[in-house]
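Just dropping this structure here.
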Amino acid sequence: MEKVCPLCNALQTTTEKCPRCGALLVDSGALNSYLGPYSPYMNSDELPFGAKDYCVHLLHCPICAHDTRHSVSLVPM
Ligand SMILES: [Zn+2]
Ligand SMILES: [Zn+2]
């Protein structure tokens, strides 16, 4: 069964909150789509759970401009 990222496929929106101010974070897109799966900038340290079952997204706080990374669990399609 193929797994897909629910954020990339618009199946759901993020419910992550900003660690600084508690505002709802806005999804700025998957890091994979910025850098490509074989980018030299993506080292294993940035993918602590393994790239296969997670899609790493950049989340942005619209209130305090804090950026954070969030590993989104893939879901069966
Ligand atoms: Zn994604
Ligand atoms: Zn914030």
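These values consider heavy atoms only, across backbone and side chains, with no hydrogens, waters or symmetry-generated copies. Both ligands and their constituent atoms are indexed starting at 1 by order of listing.
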Would a distance-only check, ignoring hydrogens and angles, find a side-chain to backbone donor-acceptor pair under 3.5 Å from N9 to L11? no

Angle subtended at the Zn ion (ligand 2) by C64 SG and C61 SG, to the nearest 10 degrees, is 110°

Less than 4.5 Å apart, any side-chain heavy atom of L7 and any of C55? no

So do the side chains of D53 and K3 get within less than 4.5 Å of each other, counting heavy atoms only? yes

To the nearest 10°, what's the angle at the Zn ion (ligand 2) between atoms SG (C21) and SG (C18)? 110°

NE2 (H57) - the Zn ion (ligand 1) - SG (C5) angle, nearest 10°: 100°

My understanding is that only one of V26, V72, L25 makes a side chain to side chain contact (heavy atoms under 4.5 Å, CB included) with L59; could you say which? L25

